[in-house]
Every structure is written in structure tokens, then in C-alpha cells.
Amino acid sequence: MMRIRPLASAGKLSAGLFDQLAEQIKSGKLAPGERLPTEQALTRAARVSRTVVREAVAALRADGLVVTRQGVGAFVSAAPQQAPFRIDTERLQNLEEILYVMELRLCVEIESAGLAAERASRAQVRAIDAALEAMDRATAQGKAAVDEDLALHRAIADGTGNPQFPRFLQFIGRHLIPRRTVSGLTERMGGERAYLALIQEEHRKIRDAIESRDPRAARDAMRRHLTRSLERYRKLAAEQQKAA
């Protein structure tokens, strides 16, 4: 029998209710085709508002775990284990969760750089150069250059000739560049300008390897770039945890 625990006030309530319902669906406690408790019942059991319940059910629907029928209610989907892959943006306010995405990105982008070195057309290599120069200009103007950084990595992904690579980076979206959502890193690296100069040096090594048609060097350069970035954020996470 399904049981919903009352939710604490800390954190996002709809995410907490989503987690409870999703766990019961995935564990089989709520079987395919079974109707979820009514909105009123969930409101009472979790001690939350109807808005919270609606947000949680909407998230379940977005994940393919339930289907809704107008005027009838929400039902567990026929194949909840085949729900589409999704990165929960609500959870990415947590530095630990951002590190998980960075590890995933590292695996994909190392191969992306290697394939770009093998396959990129002259026009695609010029696009990588243009993206690198755009980041230089943004840095010189005192900007954070987040959009330009994204554009550079997408230009490299385009060079693979495999449309799934740029689609994946598009899917990750703004979380591809953690400094957009995480504060404190650039300050501990000597300021934003010094930090951007450092990563631009790493970017140029990737570009040079791609232009030289050296897949191994391109993979190594991308690995060093992303691994160093990952380590910087891991140190920041450790400092934040120590200070908490």
C-alpha cells in the first residue's frame, strides 16, 4: 500500500513529493495503470498545498512516469522504467550535483574533441577559431564570457559531424558552465580575468590539436581542461562543506 510522508518545510516541497511518488512508482508499489491518490488526498497526506501537488505531478508527467487524463486524474504510465533521461535543474543548485554533471560532461567532451580532430571540416575549424576569438573579446571587455564559452564547446561538438554531440551539450544547457550558477571559484583563482586567461590557455591547446588533426592530443587537451575544472570545483565544494 502506498504511503506518503508529511514533508518538512526545508527545501522545495514539490521536489520532495516528487521523490516519494517516483520512488513508489519505480519500486512497483504503484503499478503501471494504477491511479495516483487524488489531489486532495496527496495534499492531506503530505501536508502541502494543492500547488505543490500539481507541481510534483507535472514533474512526474515530464519524466514519463505518469499520464494524466482530464477530469479523471493521474495514472502510472505503462512503462515507467523507460522514462526519458532528464537532469533535474532544481537539484543543480547543489554543488555536489553539479559535479556529477561535470563528470558526465567530461566523458562526452573528451571524445568530442578527438572526433573533431579527425572529422572537422575547414569551415568547422574556422568556427572553433571564431568562438575562441569571441571569448577573448568578451574577456577583454570585462565580461564573464559564459555564453562565449558555451559557443566554443558547441563549435567543437559540431566538428564531430555527429549531431548527437551538440544536442547533448544543448540539453545540458547553462549547467555546462558551472561558474554561471556557482559563486566563489573565480575569486579564489585570482579574479575573473585571471581565471578566464587560464581556461583560454587550455582552450587554445584543444584548438591547436584539432587544427593539427591530432585526435590523441585533442582528447588529452580536453581531458586536462575538464579534469582541472572538475578539481577546482571539488576543492571549492570541500571548502564550503568545511565552512558549513
Side-chain angles (χ1 to χ4, degrees), residues 84-89 92 97-182 185-186 189 191-234:
F85 175 74
R86 184 173 73 93
I87 293 176
D88 186 351
T89 56
L92 290 179
E97 294 290 337
I98 291 173
L99 291 174
Y100 292 152
V101 174
M102 290 181 71
E103 288 181 345
L104 174 62
R105 172 191 168 195
L106 188 149
C107 298
V108 173
E109 287 210 75
I110 289 172
E111 189 60 21
S112 174
L115 291 176
E118 293 176 1
R119 303 174 179 175
S121 66
R122 291 182 180 178
Q124 287 170 328
V125 172
R126 286 196 297 270
I128 294 170
D129 276 331
L132 193 64
E133 291 169 4
M135 191 165 173
D136 279 334
R137 288 193 298 272
T139 301
Q141 294 168 7
K143 297 179 180 178
V146 171
D147 291 336
E148 291 79 7
D149 200 345
L150 280 167
L152 173 60
H153 283 270
R154 286 172 182 160
I156 294 170
D158 286 336
T160 66
N162 180 339
Q164 299 302 333
F165 279 91
R167 285 176 186 165
F168 177 77
L169 297 193
Q170 182 69 32
F171 175 78
I172 293 178
R174 67 189 181 92
H175 305 296
L176 187 66
I177 310 297
R179 69 177 182 276
R180 175 176 274 179
T181 52
V182 178
L185 181 66
T186 55
M189 297 295 295
E192 189 165 70
R193 191 177 290 267
Y195 175 72
L196 291 176
L198 177 65
I199 63 173
Q200 273 294 76
E201 181 182 346
E202 295 171 358
H203 284 156
R204 287 191 181 89
K205 290 178 180 177
I206 299 167
R207 184 275 314 272
D208 291 347
I210 291 173
E211 286 187 339
S212 299
R213 302 296 181 184
D214 189 336
R216 182 174 180 178
R219 290 185 177 96
D220 287 345
M222 183 65 84
R223 181 181 292 106
R224 284 193 298 273
H225 170 53
L226 295 180
T227 299
R228 287 171 180 172
S229 181
L230 185 59
E231 286 305 313
R232 292 171 197 135
Y233 282 100
R234 279 178 176 155

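Just the heavy atoms: all of them, side chains too, but no hydrogens, waters or symmetry mates, feed the values below.
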Novice: Indicate yes or no: at least one non-hydrogen side-chain atom of E111 is less than 4.5 angstrom from one of N162.
Specialist: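 In short, these two side chains do not touch, never coming nearer than 4.5 Å.
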Novice: Can D208 and K205 be counted as an ion pair, charged N to O under 4.0 angstrom?
Specialist: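 The answer is no: the pair does not qualify as a salt bridge.
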Novice: To the nearest 0.5 Å, what is the distance between CD on Q124 and CG on D158?
Specialist: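 One finds 6.5 Å between CD of Q124 and CG of D158.
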Novice: Which atom names give the shortest non-hydrogen contact between A209 and A117, and what distance separates them?
Specialist: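 Looks like O-CB, 4.2 Å.
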Novice: Could you report the tightest heavy-atom contact between V108 and F165, atom names first, then the distance?
Specialist: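 What the structure gives for the nearest pair is O-CE2, 3.5 Å.
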Novice: For P215, does its backbone N or O pair with a side-chain atom of E118 as donor and acceptor, under 3.5 Å?
Specialist: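 Checking the backbone N and O of P215 against the side chain of E118, no donor-acceptor pair under 3.5 Å is found.
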Novice: With rounding to the nearest 0.5 angstrom, report the CZ to CG distance, R154 to D149.
Specialist: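 Atom-to-atom, R154:CZ and D149:CG are 10.5 Å apart.
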Novice: Kindly indicate whether the side chain of R213, heavy atoms from C-beta on, has any atom under 4.5 Å from the side chain of V125.
Specialist: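 Heavy-atom side-chain distance check passes, below 4.5 Å.
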Novice: Atom CG of L115 and atom CD1 of I110: how far apart are they, to the nearest 0.5 Å?
Specialist: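 The CG atom of L115 sits 12.0 Å away from the CD1 atom of I110.
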Novice: With L152, which of I199, D147, L132 fulfils side-chain contact (heavy atoms from CB on, under 4.5 Å)?
Specialist: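 Exactly one candidate clears the test, L132.
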Novice: Between R228 and E201, is the closest basic N to carboxylate O distance under 4.0 Å?
Specialist: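 Result for this pair is no, no salt bridge flagged.
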Novice: Out of L150, L196, V146, which residue meets the side-chain contact (heavy atoms from CB on, under 4.5 Å) rule with M135?
Specialist: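 Single side-chain contact (heavy atoms from CB on, under 4.5 Å) partner of M135 among L150, L196, V146: L196.
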Novice: So which pairs with a foot in residues 106-137 pass ring pair (Phe, Tyr, Trp, His ring centres under 6.0 Å), sequence neighbours left out?
Specialist: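 Found none.
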Novice: Could you tell me if the side chain of R216 sits less than 4.5 Å from the side chain of R219, heavy atoms only?
Specialist: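 With C-beta onward as the side chain, the pair stays apart.
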Novice: One pair to check against side chain to side chain contact (heavy atoms under 4.5 Å, CB included): L169 and E109. What are the steps and the verdict?
Specialist: CA-CA 9 Å; L169 297 193; E109 287 210 75; 4.1 Å; yes
Novice: Less than 4.5 Å apart, any side-chain heavy atom of E148 and any of T139?
Specialist: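 They are not in contact (no side-chain heavy atoms under 4.5 Å apart), so the answer is no.
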Novice: Any chance you could measure R207, atom CZ, to Q200, atom CD, to the nearest 0.5 Å?
Specialist: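 Atom-to-atom, R207:CZ and Q200:CD are 9.0 Å apart.
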Novice: Measure the acute angle between the ring planes of H203 and H153, then classify it against the limits of 30° and 60° as parallel, tilted or perpendicular.
Specialist: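 Ring orientation, 0 to 90° scale: perpendicular.
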Novice: Working to the nearest 0.5 Å, report the span between CD1 of I210 and OG1 of T160.
Specialist: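 Reported to 0.5 Å precision, the distance equals 10.0 Å.
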Novice: Quick check on side-chain contact (heavy atoms from CB on, under 4.5 Å): which of I206, I128, D129 does E211 satisfy it with?
Specialist: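 Answer after filtering I206, I128, D129: D129.
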Novice: Can you name the nearest heavy-atom pair linking A116 to I156, along with the distance?
Specialist: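 For A116 versus I156, the nearest heavy atoms are CB-O, 3.6 Å.
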Novice: Between the side chains of R234 and E103, is the shortest nitrogen-to-carboxylate-oxygen separation below 4.0 Å, so that they form an ion pair?
Specialist: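 Looking at R234 together with E103, the answer is yes, because their closest N to O distance falls below 4.0 Å.
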